[in-house]
Protein chains: 2
Amino acid sequence: MFLHFRKQFPQLDPYWDKYLPLQQRLEVPAKTILLKEGQVSQNYISIEQGCVRAYFDKDGDEKTIQFFFENAGFSLFDSFVNEVPSQFTIETIEPSVVYLLARAHVLLLIDDLSQEPSFMQMILKITAERHRRFNNELISFIRDTPEERYLRLLSERPHIIRRVPQHYIASYLGVSTVHLSRIKGKLARGADHF
Amino acid sequence: MFLHFRKQFPQLDPYWDKYLPLQQRLEVPAKTILLKEGQVSQNYISIEQGCVRAYFDKDGDEKTIQFFFENAGFSLFDSFVNEVPSQFTIETIEPSVVYLLARAHVLLLIDDLSQEPSFMQMILKITAERHRRFNNELISFIRDTPEERYLRLLSERPHIIRRVPQHYIASYLGVSTVHLSRIKGKLARGADHF
DNA sequence: CTGATTTGATAACATATGTTATCGCCGACC
DNA sequence: GGTCGGCGATAACATATGTTATCAAATCAG
């Protein structure tokens, strides 16, 4: 739980530890929906093993916006605390092992933490990071062609391409599966032909 | 200065007031660049009168990502404080009156403010709002066609369409000026024809 | 092992969008 | 008033991308 935070703010370890036993372990097959678009998350979810994606529905087809792997967690504080309905559906891509920490416990945890001066610091750091990530994603969508986005993904986060089925990648890049195939084909031909 | 914040956090008024006289008033014509992409902002900028846009360059053409009008301010704290180079160019669209508060003064102001408990609250609120705005923009880019984005802009922020030259709107919507004309033409024909 | 499902490639065609060029309108300026 | 430049509409053509259909390979379930 909260492994991502632990690395950066080890002084908060005792707080997490107290809540570790309260988590619920869950083994689920691929294509399990952990949280549905429009619903309020009742748990903080962290991934011990496997891989999930966040997507939303547009007239029947799914637009993937993010992938998560081992040791990632979501339901970030603000939307979680304020009970804002999720804009995204969270679904496993592979058979996965996840841990759930009930909302009530998370609220207690936050209560504990708010005594700690570095807590605010952590929140600010996390929100700033997340903002930067989404901002870069937006800029990339505006600036780059699908082919450029594919190449960028290939060079910056190749593990995603290796691990995630291609139609999810296509959805993430904002193109049809057919077009992503075309892009790959074109790149392959361009690369070795001459 | 900081009018946007004042409405929401009136208890901080005395802090702003102290720095009001230190601002520099600036009258500038249209198409004046206030901050260049890649440079570190040396001032907190607020707009008293007029209208500006933020854009970045992609292979010679400009991608507009946001518009600002009277009583808005930018150079939000994190990027400002940490001296991160701006990803965007800030340019006036109309002849405008802007106020600049030098970076050094802003740092002093933040120092003052950090005594105040509601300051953190304000930062969190502002960053959350900004994150929501960018997030919605990203989702709209992924989900909506250019025509849908135009209609959304028309219904949600018609003042922008009324006030801003159309080629900037096209750039903001992510299409060519020609295509935006086509969209408008199609909508107009569709509306009154039958 | 075998049939069913998933995944990815490819072709053919349809639609959306970009590019370039041209024209007309209108407001700024002399 | 006349000229010039910025702005927006439109047409013609080029390119990018979506859609549907088909096939083959890989994977999974019984």
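This is a predicted model, so every value here is computed, not measured. Chain identifiers are assigned alphabetically (A, B, ...) following the order of the sequence lines, protein sequences preceding nucleic acid strands; residue numbering begins at 1 within each chain.
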- request: For D:dG8, take OP1 and OP2 only and decide whether either is under 4.0 Å from a side-chain N or O of B:His167.
  value: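 Yes, because at least one side-chain N or O of B:His167 sits under 4.0 Å from OP1 or OP2 of D:dG8.
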
query: So does A:Lys184 get a side-chain nitrogen or oxygen closer than 4.0 Å to the phosphate oxygens (OP1/OP2) of C:dG8?
result: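 A:Lys184 to C:dG8 OP1/OP2: no side-chain N or O under 4.0 Å.
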
Nearest-Å distance for atom pair [atom1]/[atom2], residues [X] and [N]:
X	N	atom1	atom2	result
B:Glu147	C:dA16	CD	C1'	11 Å
B:Tyr168	D:dG6	OH	P	11 Å
B:Leu173	C:dA16	CG	P	17 Å
B:Ile183	C:dT17	CD1	P	7 Å
B:Gln166	D:dA9	CD	C1'	9 Å

- prompt: Is B:Arg163 paired with B:Glu70 through a side-chain N to carboxylate O contact shorter than 4.0 Å?
  reply: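 Looking at B:Glu70 and B:Arg163, the cut-off is met.
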
message: Using a 6.0 Å distance limit plus a 45 degree cone around the ring axis, check whether B:Arg149 lies over the aromatic ring of B:Tyr172.
response: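 B:Arg149 over B:Tyr172 ring: yes.
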
message: Can you see whether B:Tyr44 has B:Arg103 sitting over its ring - NZ or CZ less than 6.0 Å from the centre and within 45° of the normal?
response: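 No, a cation-pi geometry is absent between B:Arg103 and B:Tyr44.
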
- request: Please check if any side-chain donor atom of B:His179 sits under 3.5 Å from a side-chain acceptor atom of B:Arg182, or the reverse.
  value: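 Side-chain D/A pair, B:His179 to B:Arg182: present.
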
- prompt: Regarding B:Asn43 and B:Gln24, is there a side-chain donor-to-acceptor distance under 3.5 Å anywhere?
  reply: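 Judged by distance alone, the side chains do not pair up.
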
- request: Return the residues of residues 148-164 of chain B meeting this criterion: a heavy atom under 4.0 Å from some atom of DNA chain C. Order them by number, or give none.
  value: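 Result for residues 148-164 of chain B: none.
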
- prompt: Reading nucleotides 22-30 of chain C 5' to 3', which nucleotides get B (base under 4.0 Å from a protein heavy atom), which S (sugar-phosphate only), which -?
  reply: ---------

- prompt: When every nucleotide of nucleotides 18-30 of chain D is labelled 5' to 3' by its protein contacts under 4.0 Å (heavy atoms), B for base, S for sugar-phosphate only, - for none, what sequence of letters results?
  reply: BBB----------

Atom of B:Ile90, atom of B:Ala54 and distance for their closest heavy-atom approach: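 So the two residues come closest at CD1-CB, 3.8 Å.
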
- prompt: Which atom pair, heavy atoms only, marks the closest approach of A:Ser46 to A:Gln23?
  reply: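 Minimum heavy-atom contact is OG-OE1, 3.7 Å.
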
message: Using 30° and 60° as the class boundaries, would you call the ring planes of A:Phe56 and A:Phe88 parallel, tilted or perpendicular?
response: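 It falls in the tilted class, 30° to 60°.
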
task: Give the nucleotide from the list D:dG8, C:dT17, C:dA9 with an atom nearest to the side chain of A:Ser181.
output: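 Closest of the options to the side chain of A:Ser181: C:dA9.
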
task: Please assess B:Lys58 against A:Glu148 for the test salt bridge (charged side-chain N to carboxylate O under 4.0 Å, His left out), listing each intermediate value before the final yes or no.
output: CA-CA 13 Å; B:Lys58 157 74 172 180; A:Glu148 288 169 328; 3.1 Å; yes

message: Quick one: does any side-chain atom of B:Gln115 pair with a main-chain N or O of B:Asp112 as donor and acceptor, under 3.5 Å?
response: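 Checked: no pair found.
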
message: Walk me through whether A:Tyr99 and A:Glu48 qualify under side chain to side chain donor-acceptor pair (under 3.5 Å).
response: CA-CA 7 Å; A:Tyr99 284 86; A:Glu48 181 182 86; 3.2 Å; yes

